[in-house]
There are 2 protein chains.
Amino acid sequence: MLDRLNFRMTPQRKVILEELRKVNTHPSADEIYAMVRRRLPRISLGTVYRNLEILAENGQIQKLELGSSLKRFDGVAENHYHIRCIRCDRVVDAPVDFDPALDQKLKNISDFDIIGHRLEFIGICPACRKQAPSE
Amino acid sequence: MLDRLNFRMTPQRKVILEELRKVNTHPSADEIYAMVRRRLPRISLGTVYRNLEILAENGQIQKLELGSSLKRFDGVAENHYHIRCIRCDRVVDAPVDFDPALDQKLKNISDFDIIGHRLEFIGICPACRKQAPSE
DNA sequence: CTAGCTGCAAAATCTTTGCAAATGC
DNA sequence: GCATTTGCAAAGATTTTGCAGCTAG
């Protein structure tokens, strides 16, 4: 994932980045829109979406829900992990054991009651690797 | 999260569950709709959504994209983990170190090229716990 | 019986996109 | 100067919901 070549720092993009770095609440696009609008009343939601996409692509911010926007379902109810192909978005089960001990790590240092965790590996599947090995 | 009291096993629900357990492709709601429709041509998309929701609530299947349906953004680009409150959907950073060694576990046993991973803890935040300590 | 479920269709929610004008670099 | 970006508005995609009739238990 290479950086954009001509990455222009517009006021809109700058404010979005600044506002996002001010908080630790992991806001949604719409919440970011509201925050930014206090400083740039004429900005549009579309611009916010476009910039979040670009900033994430550039590694300056993170998108928390990865993959496509649609939910996926798994017929196996037991706890297990997944691997998602970053190219085709296919999801397969990860061949590693579920580790319940992970939750313990947080039990005493977080003020949340920890119920469980979800782990997703990100990678490139054999089919996609074959299509474009490098790049 | 308690189980439904009167959980009725309708043909639709049964077929959805069967079809989902047949595959290991982690289909989206729409793909499940297509699969189920081969056996129940008159089923509606709405029924599929409703049943997936209920089955997941009952622990018979898993929803992979947890939390709300909207994407969330993080101003911190470095790798780190999150905790999500299952009640209010708030997301905070998890006070544990990122563990790059996790990826290694898969390096030789998976046919994917592993690029990274994403870990999200699920819990109940202090504010929500206060509101409804038990239940 | 009757609470729970269904199909249908409309609505709601979230995100992307086409376009002409504006603007960083 | 010109490729990129913007605001606006419309379209797309996904999910939820109201309702009247149906049905499993």
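Chain identifiers are assigned alphabetically (A, B, ...) following the order of the sequence lines, protein sequences preceding nucleic acid strands; residue numbering begins at 1 within each chain.
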Novice: Has the side chain of A:Arg50 got a donor or acceptor atom sitting under 3.5 Å from an opposite partner on the base of D:dG7?
Specialist: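 Yes.
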Novice: Got a list of protein N/O to nucleotides 21-23 of chain D N/O distances below 3.5 Å?
Specialist:
{"from": "D:dT23", "atom 1": "O2", "to": "B:Arg8", "atom 2": "NH1", "distance (Å)": "2.7"}

Novice: Any side-chain N or O of B:Gln12 under 4.0 Å from OP1/OP2 of C:dG7?
Specialist: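 It does, given that an N or O in the side chain of B:Gln12 lies less than 4.0 Å from OP1 or OP2 of C:dG7.
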Novice: Could you report the tightest heavy-atom contact between A:Ile61 and B:Gly75, atom names first, then the distance?
Specialist: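 Minimum heavy-atom separation between A:Ile61 and B:Gly75: CG2-CA, 4.3 Å.
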Novice: Measure the distance from CG on B:Leu52 to C1' on D:dT15 and round it to the nearest whole Å.
Specialist: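 About 11 Å, once rounded to whole Å.
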Novice: Under 4.0 Å between a side-chain N or O of B:Tyr49 and OP1 or OP2 of D:dT16?
Specialist: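 The answer is no; no side-chain N or O of B:Tyr49 sits under 4.0 Å from OP1 or OP2.
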Novice: How long is the line joining CZ of B:Phe7 and P of C:dG4, in whole Å?
Specialist: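 It works out to 13 Å between those atoms.
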Novice: In whole Å, what is the span from the CZ atom of A:Arg72 to the P atom of D:dT15?
Specialist: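 Those two atoms, CZ and P, are 11 Å apart.
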Novice: Going by heavy atoms closer than 4.0 Å, what residues in residues 29-48 of chain A are next to DNA chain D?
Specialist: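 Residues of residues 29-48 of chain A that come under 4.0 Å of DNA chain D are, in numerical order, A:Arg42, A:Ile43, A:Ser44, A:Thr47.
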Novice: Tell me which pairs pass side chain to side chain donor-acceptor pair (under 3.5 Å) where either residue lies in residues 95-107 of chain A, with sequence neighbours left out.
Specialist: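 For residues 95-107 of chain A, and leaving out neighbouring residues, the side chain to side chain donor-acceptor pair (under 3.5 Å) pairs sorted by first residue read A:Asp103-A:His117.
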Novice: If you measure from the Lys or Arg side-chain nitrogens to the Asp or Glu carboxylate oxygens, is any gap between B:Glu120 and B:Arg84 under 4.0 Å?
Specialist: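 Salt bridge: yes.
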Novice: Which pairs with one or both residues in residues 7-18 of chain B pass side chain to side chain donor-acceptor pair (under 3.5 Å), sequence neighbours excluded?
Specialist: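 Every side chain to side chain donor-acceptor pair (under 3.5 Å) pair that includes a residue of residues 7-18 of chain B, provided the two are not neighbours, is B:Arg13-B:Asn51, B:Lys14-B:Glu18, B:Glu18-B:Arg39.
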Novice: End-to-end bend of the helix from C:dC1-D:dG25 to C:dC25-D:dG1 (five-pair axes, 10° rounding)?
Specialist: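 Axis angle across the helix from C:dC1-D:dG25 to C:dC25-D:dG1, nearest 10°: 50°.
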Novice: May I have the distance from B:Glu53 (atom CD) to D:dT14 (atom P), rounded to whole angstrom?
Specialist: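 Between P of D:dT14 and CD of B:Glu53: 17 Å.
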Novice: Check the distance between C:dC14's C1' and A:Lys63's NZ and give it to me in whole angstrom.
Specialist: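 So the two atoms are 13 Å apart, to the nearest Å.
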Novice: Is A:Glu53 salt-bridged to A:Arg50, going by a charged N under 4.0 Å from an acidic O?
Specialist: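 A:Arg50 and A:Glu53: not salt-bridged.
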Novice: Write out all pairs satisfying ring pair (Phe, Tyr, Trp, His ring centres under 6.0 Å) with one or both partners inside residues 9-39 of chain A, taking only residues at least two apart or from two chains.
Specialist: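 Of all non-adjacent pairs touching residues 9-39 of chain A, those that pass ring pair (Phe, Tyr, Trp, His ring centres under 6.0 Å) are A:His26-B:His82.
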